[in-house]
Amino acid sequence: CLSHMISTGKQESLLYCSRDIGRAGVAFNGRPYSSVMTVSNGEQFGNWTWREMCPDNFFAVGFSVRVEPNQYALDDTALNGIRLICAKDGSRSFLYSVESHTGYYGDWSQPQYCPSGVLTSFQLRVEPHQGLFGDDTAANNIKFRCSSNPTLEGPGTDWGEYGHWSQECGEGGICGIETKMEEYQYGLDDSSLNDVRFYCCSKSQQVRRRGAEIGSEAQTETAECLVHTKLV
């Protein structure tokens, strides 16, 4: 269910139908990672929740965001969730999604994808604390940079400013996500998503891990052969 390529001058990405994307959830949380990427402008409300990781050998190649539009005189929450889309070794024939904890407001956007390569760094747009009687929205939007160089920006809201870019994933790319969420405030001011951090995995880690598995299989086969020889 692949769709067409779009180009806007600032970004170029592939669109996929959502039914092609499987939900990974917490099933692959044991996957090893090489580093954690953060930014310094996340807001203070809420708690870090849980991480979700792409399956082994899968890396984030695209994303979608959940955004509540401007509520005008009512309470605004802006960015409520970030969903990573994971693919394997450049092949996008099958995709998984991971998102950690998300807020309850707004709709998910159409996914955006790197034309090639994987997501390697991010930048977060955050509105600072508005004071005791202000309407806090915290995180408003996000940008990602692809290893093939394009920058993708979500269709978020405009409050606040973008901070500095995160560090970049080295060899490999983004492979997991964990969100900092303020839970529902029961009629008080909700801010929902306040901060996010992403996990980096190295492709060489996957190669080494697979090499170790092959080595272990070979040792098992050798042991079985030796036992068979003694029995004979």
Side-chain angles (χ1 to χ4, degrees), residues 2-18 20-21 24 31 33-42 52-67 79 81-100 108-126 139-158 160-179 195-207:
L2 289 178
S3 186
H4 59 283
M5 176 86 75
I6 62 170
S7 178
T8 64
K10 287 188 177 179
Q11 61 188 39
E12 188 179 65
S13 59
L14 289 173
L15 301 180
Y16 289 72
C17 293
S18 61
D20 293 324
I21 303 172
R31 178 180 180 178
Y33 56 89
S34 55
S35 62
V36 182
M37 291 195 307
T38 62
V39 289
S40 60
N41 64 324
E52 293 188 5
M53 305 291 287
C54 300
D56 288 350
N57 299 310
F58 280 68
F59 292 87
V61 297
F63 75 103
S64 175
V65 292
R66 186 175 194 174
V67 180
L79 187 61
I82 302 164
R83 177 180 290 161
L84 297 179
I85 314 297
C86 312
K88 184 177 182 180
D89 297 333
S91 169
R92 299 181 183 181
S93 56
F94 191 79
L95 306 169
Y96 280 100
S97 71
V98 291
E99 60 195 48
S100 187
W108 287 100
S109 67
Q110 180 71 35
Q112 299 181 58
Y113 290 82
C114 296
S116 61
V118 299
L119 302 180
T120 57
S121 61
F122 77 103
Q123 189 181 29
L124 195 62
R125 183 170 196 153
V126 178
N140 272 245
N141 205 358
I142 192 166
K143 292 180 182 179
F144 287 98
R145 184 171 287 140
C146 302
S147 59
S148 54
N149 203 37
T151 298
L152 307 178
E153 182 175 17
T157 42
D158 297 330
E161 303 291 339
Y162 277 104
H164 296 295
W165 281 92
S166 71
Q167 65 270 41
E168 288 199 2
C169 289
E171 182 188 354
I174 293 175
C175 60
I177 180 174
E178 184 177 359
T179 55
D195 202 354
V196 62
R197 52 194 179 203
F198 294 97
Y199 293 84
C200 296
C201 294
S202 170
K203 290 185 177 178
S204 62
Q205 274 185 317
Q206 303 298 322
V207 171

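Residue numbers run from 1 in the order of the sequence given. These numbers come from a predicted model, not from an experiment.
With values rounded to the nearest 0.5 angstrom, Q123 atom CD is found 8.5 Å from S121 atom OG. Put simply, CG on N141 and OH on Y162 are 3.5 Å apart, with the number rounded to the nearest 0.5 Å. Expressed to the nearest 0.5 Å, how far CZ of R66 lies from CD1 of I82 amounts to 13.0 Å. In this structure, CG on L119 lies 10.5 Å from OH on Y113, to the nearest 0.5 angstrom. For the atom pair T179 OG1 and E52 CD, the distance stands at 8.5 Å (nearest 0.5 Å). Distance check: K88 NZ to D56 CG gives 9.0 Å after rounding to the nearest 0.5 Å.
In terms of modelled atom types and a separation under 3.5 Å, the side chain of S34 and the main chain of C200 share a donor-acceptor contact. Judged by distance alone, with hydrogens and angles left aside, the side-chain atoms of S147 form a donor-acceptor pair with the main-chain N or O of V118 at under 3.5 Å.
Put simply, the side chain of D195 reaches to within 4.5 Å of the side chain of V39, judged on heavy atoms. Using a 4.5 Å heavy-atom cutoff, the side chains of R125 and T157 are not in contact. Residues V67 and S109 have side chains not in contact (no heavy-atom distance under 4.5 Å, counting atoms from C-beta outward). Within the 4.5 Å cutoff, no side-chain heavy atoms of S35 are placed close to those of Q167.
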How far apart are the C-alpha atoms of F58 and M53, what are their side-chain angles, what is the distance that settles it, and do they pass the side-chain contact (heavy atoms from CB on, under 4.5 Å) test? CA-CA 9 Å; F58 280 68; M53 305 291 287; over 6 Å; no

Kindly indicate, with the supporting measurements, whether the criterion side-chain contact (heavy atoms from CB on, under 4.5 Å) is fulfilled by F144 and L84. CA-CA 11 Å; F144 287 98; L84 297 179; 4.1 Å; yes

How far apart are the C-alpha atoms of C175 and C54, what are their side-chain angles, what is the distance that settles it, and do they pass the disulfide (SG to SG under 2.5 Å) test? CA-CA 5 Å; C175 60; C54 300; over 6 Å; no

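Summarising the geometry of R92 relative to C114, their closest heavy-atom pair is NH1-O, 2.6 Å, with the distance given to 0.1 Å. For the residue pair A24 and V98, the shortest heavy atom distance occurs at CB-CG1, 3.7 Å. Of all the heavy atoms in F63 and E153, the pair that sits closest is CZ-C, 3.9 Å. Nearest heavy-atom pair, N41 versus G163, reported as atom, atom and distance to 0.1 Å: ND2-N, 3.3 Å. Contact between P111 and I85 at its shortest, heavy atoms only, is CB-CG1, 4.5 Å. Shown here for P155 and V65, the closest heavy-atom pair between the two residues is CD-CG2, 3.5 Å.
Salt bridge status for E178 with R197: present, with a side-chain N to carboxylate O gap under 4.0 Å.
Note on ring orientation: taking the six-membered ring where Trp is involved, the planes of F122 and F198 are perpendicular (angle over 60°, cut-offs 30° and 60°).
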